[in-house]
Amino acid sequence: MKTAKEWIPLALSILALAVSITSFYVTSLRTAYPYIRIGSPFHIYHEALTGSPSLVMAVSISNSGARLVTIERLGVLVRKQGANDGYLLVPFAFQKINEKGDFQNDSLAGPMTVSGGSELTKQILFTQANGPDTDYSLTVQGRYELTLFSWLSGADSPRAVDKFEFDIDQVSANKLSHWRDLQVPNSVPIERQKWNDWRPGRIEDIRKLTK
C-alpha cells in the first residue's frame, strides 16, 4: 500500500494535468457568447422620404472566448411601455462621422466577426423592418422599451443581449414631429434609462411580435 508521501507526487501530477487541460480549453477551445451593448446616448430621427423612424447607435461587441465569433445580424425591438405590440428595426448601414460632425453611411451593414479576446464597436443605422401599421413614428412623449437581439452564425433563433428603457420628453417629441412633417432628417440624442434584466421565458413573446 502506498504511503501518504508516495501519493503526493501523483496527486500533484493529476492537479497539474487538470490545470493544463483547463488552461488549454480557456485559451484555445472555449466559445463564449459575446457581450453586446448599446452605447448612450443614441440618436432618433425620421427618414425624409418615408417618415419612418431610424436609430443611430454605437454597438459594442466584446468576445471573451478564445475562438472568433460571427454575429450574422442584429435586430432592435421598440415598443411603448406596457404596449403589446412592437416594431422591429434592422441594421441598414455602418456609419462614420464626417468632417462636419454629421453621421454618414460608410458601408451597408453585414455580419460582424470578432476575434477571441478582442472588442469591436460599430456605429450602426437601424431602420424600420416591420410593424402593425405603416405610419409608425417615435414622435409621442412617453417611456419606451428597447431590446437588442443578435443572431450568431449558425443559430436559428435570436438571443436578447441588451434591454433598457428610454424617455422621449415633450420637447424632443415636438422636434421629431416637426422635423418629420418637414421631411428633415434631424436627430435627437436619447439617453438610456432604467436597465432591465432579461427573462429568457419571454423570448417566445418577442418572436411572435417580430415575425
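- Looking at every heavy atom in both residues, Ala173 comes nearest to Val140 through CB-C, 4.2 Å.
- When every heavy atom of Thr147 is checked against every heavy atom of Ala160, the shortest pair comes out as CG2-CB, 4.0 Å.
- The distance from atom CE of Met112 to atom OG of Ser153, rounded to the nearest 0.5 Å, is 12.5 Å.
- Once rounded to the nearest 0.5 Å, the distance linking CG of Leu176 with CD1 of Ile190 reads 7.0 Å.
- In this structure, Lys80 has no salt bridge (charged side-chain N to carboxylate O under 4.0 Å, His left out) partners at least two apart in sequence or on a different chain.
- Leu146 places a side-chain heavy atom less than 4.5 Å from the side chain of Met57.
- The nearest pair of heavy atoms linking Leu89 to Pro53 is CD2-O, 3.6 Å.
- Of the possible donor and acceptor atoms, one in the side chain of Arg180 sits under 3.5 Å from a partner among the backbone N and O of Gly51.
- In this pair, Phe42 and Phe164 present their aromatic rings tilted. The plane angle is within the 30 to 60° band.
- Summarising the geometry of Ala58 relative to Gln123, their closest heavy-atom pair is CB-OE1, 3.5 Å, with the distance given to 0.1 Å.
- Remark: of the listed residues Leu138, Val184, Val188, Val56, Val56 is the sole one forming a side chain to side chain contact (heavy atoms under 4.5 Å, CB included) with Tyr45.
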Report task. Quick one: do Val76 and Phe149 satisfy side chain to side chain contact (heavy atoms under 4.5 Å, CB included)? Show the steps, please. Result -> CA-CA 6 Å; Val76 169; Phe149 292 92; over 6 Å; no
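- Heavy atoms of other residues, nucleotides or ligands lying less than 6.0 angstrom from CZ of Phe94 number more than 12.
- A 4.5 Å side-chain heavy-atom check between Ile36 and Asp162 finds every atom pair outside the cut-off.
- Atom OG1 of Thr127 and atom NE2 of His46 lie 12.5 Å apart (nearest 0.5 Å).
- The hydrophobic clustering, which links ILVMFWY residues whose side-chain heavy atoms are closer than 4.5 Å, places Ile168 and Val171 apart.
- A donor atom on one side chain and an acceptor atom on the other are not found under 3.5 Å apart for Gln95 and Asp106.
- For the residue pair Ser172/Asp169, the side-chain donor-acceptor check at 3.5 Å is satisfied.
- Using a 4.5 Å heavy-atom threshold, the side chains of Ser150 and Leu74 count as touching.
- Nearest heavy atom pair, residue Ile61 against residue Ile71, reads CG2-CD1, 3.9 Å.
- In this structure, Ser177 OG and Gln141 CD are separated by 12.5 Å, a value rounded to the nearest 0.5 Å.
- When each of Glu191, Arg192, Gln193 is checked for a side chain to side chain donor-acceptor pair (under 3.5 Å) with Ser40, only Glu191 meets the rule.
- From Phe166, atom CZ reaches atom CZ of Arg143 across 10.0 Å, with rounding to the nearest 0.5 Å.
- Taken from CG in Leu88 to CZ in Phe126, the straight-line distance is 10.0 Å, to the nearest 0.5 Å.
- Looking only at atom types and distance, the side chain of Glu47 has no donor-acceptor partner in the side chain of Ser52 under 3.5 Å away.
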